[in-house]
Number of protein chains: 2
Amino acid sequence: MDTQQRLIESTRELLWERGYVGTSPKAIQQLAGAGQGSMYHHFSGKAELALAALQQSAEQLRSQAEEQFGGSGHTFKRVSDYLLRERDVLRGCRIGRMAQDPDIIASPELREPLEHTFAWLRQRLETVLAEGQARGELLAGLNPKTTAAMLLAVLQGGYVLARAANSVQPYRDAIQGALSLLRTHVAEDT
Amino acid sequence: MDTQQRLIESTRELLWERGYVGTSPKAIQQLAGAGQGSMYHHFSGKAELALAALQQSAEQLRSQAEEQFGGSGHTFKRVSDYLLRERDVLRGCRIGRMAQDPDIIASPELREPLEHTFAWLRQRLETVLAEGQARGELLAGLNPKTTAAMLLAVLQGGYVLARAANSVQPYRDAIQGALSLLRTHVAEDT
DNA sequence: GTCTATAATCGGATAGAC
DNA sequence: GTCTATCCGATTATAGAC
């Protein structure tokens, strides 16, 4: 991995761990094993580095989600596979985490990857649910759009509850609660 | 309001807006209109101020929640009143927000108000749901504990989605999605 | 491309006068 | 109780040598 990519990787880790406000250029350089001059040669500063890091994290998140959404099983299984996928719960979401950072939210450029990522996820999940209804796998009473928004919120909120409790239990309970309710809308359920 | 309380109020606002890492003693002093000496007379430093601020915010949050939970209407109404209560969505939750702050989570003392608040909320909501089942207002198939965890997660996650989108819409959709699903478990529903 | 030097400002506090 | 002075390291760069 070249210096430029190492700087981006270091930024990705530090943004995840410490947030934008809590991440200094110096810390990024040290983690990447690069000097000041090197960093400022490749990037104009902290903001440009963060943008590159967020774009890579967003792309990673989308491609991971597509692994479950694009599956071929029953709609309920595709959704529950996504919700139950192994995650580093106590570390939280690399993208959702940034929503609390005032400097990220205040900058249209830095907020864009967040907005785009969640809009894509919601739309993708909505499509999965709507296709499930069209195939007769899910009851028609379900609203695909609000259900998709709810499921994403349960994930993001689950991270918050888990970190507050320093335990994955509240996260698991929240996912379980959502899946139990969704389960009652599966068609031809005995 | 005396100087000590003004310092706590200022800390509460800045923690909400900027988080712990992003809040400096100097900023607290300026917002409170107090000098350095004054602040360090009343508090040992930033951590002690933050603890006092978090404790007051936690108490406020619990008392506000109790306004809906302690209501006398139908269980579904009490729950939906809580979820639909007017909130400063784009600012987020004063307590949940801190779960992303590494220095808060790393400190058992500072994390305690978060853990306690969400544990109380979950338990309180669980009790409301269980009582609703006992009264025959909610179907027995609902698991009060995981449902309570899910509803709290939807709220906290809704804040995250709203800030990422710079719009309350995803928050509203998520709440709506959760309430629609819960609605199907109300007893004697025509 | 990478290095070192320099710099203005901030962060988080201590000390002692009033 | 509050004020001012002082401190030392961190932050976020810029400049110029190599």
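A, B, ... follow the sequence lines: proteins, then strands. Residue 1 opens every chain.
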Legend entry - Residues in salt bridge (Lys or Arg N to Asp or Glu O under 4.0 Å) contact with A:R91, at least two apart in sequence or another chain: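 Checked A:R91 against salt bridge (Lys or Arg N to Asp or Glu O under 4.0 Å); matches are A:E13, A:D88.
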
Rounded to whole angstrom units, what separation is found between the [atom1] atom of [X] and the [atom2] atom of [N]?
X: B:L7; N: C:dG12; atom1: CG; atom2: C1'; result: 15 Å
X: B:M39; N: D:dT2; atom1: CE; atom2: P; result: 13 Å
X: B:K46; N: C:dT14; atom1: NZ; atom2: C1'; result: 18 Å
X: B:D2; N: D:dT2; atom1: CG; atom2: P; result: 9 Å
X: A:R6; N: C:dT2; atom1: CZ; atom2: P; result: 8 Å
X: B:E48; N: C:dG12; atom1: CD; atom2: P; result: 16 Å
X: B:L49; N: C:dG12; atom1: CG; atom2: P; result: 12 Å
X: B:Q4; N: D:dT2; atom1: CD; atom2: C1'; result: 14 Å

Legend entry - Any B:K26 side-chain nitrogen or oxygen under 4.0 Å from OP1 or OP2 of C:dG11: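 Checking C:dG11 against B:K26, no side-chain N or O comes under 4.0 Å of OP1 or OP2.
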
[X], nearest nucleotide to its side chain (from [options]):
X: A:Q36; options: D:dT6, D:dT12, D:dC3; result: D:dT12
X: A:S24; options: D:dC3, D:dT12, D:dT4; result: D:dT12
X: A:H42; options: C:dG1, D:dT12, D:dT2; result: C:dG1
X: A:T3; options: C:dT2, D:dA5, D:dG1; result: C:dT2
X: B:H41; options: D:dT2, C:dA13, C:dT2; result: D:dT2

Legend entry - Pairwise side-chain contact, B:M39 with B:Q4, heavy-atom cut-off 4.5 Å (strictly under):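 No, too far: nothing below the 4.5 Å cut-off.
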
Inset, instruction - Name the residue closer to the 5' end of DNA chain D, choosing between A:Y40 and B:Y40 according to the nucleotide with the nearest heavy atom. - result: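 Per heavy-atom nearest nucleotide, the more 5' residue is B:Y40.
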
Inset, instruction - Give one of base, sugar-phosphate or nothing for B:T23, where a contact means two heavy atoms less than 4.0 Å apart. - result: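 Result for B:T23 = sugar-phosphate.
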
Legend entry - Sugar-phosphate only, base, or nothing, as touched by B:G37 at under 4.0 Å among non-hydrogen atoms: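 Answer is base: heavy atoms of B:G37 come under 4.0 Å of a base.
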
Inset, instruction - Mind checking the CG-CD spacing from A:L7 to A:Q29? Nearest 0.5 Å is all I need. - result: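 So the gap between those two atoms works out to 7.5 Å.
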
Legend entry - Between A:Q60 and A:Q55: side-chain donor-acceptor atoms closer than 3.5 Å: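 A:Q55 and A:Q60 do not have a side-chain donor-acceptor pair below 3.5 Å.
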
Legend entry - Cation-pi check, B:R183 onto B:F76 ring (under 6.0 Å, within 45° of axis):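 Yes - B:R183 lies over the ring of B:F76, closer than 6.0 Å to its centre and within 45° of its axis.
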
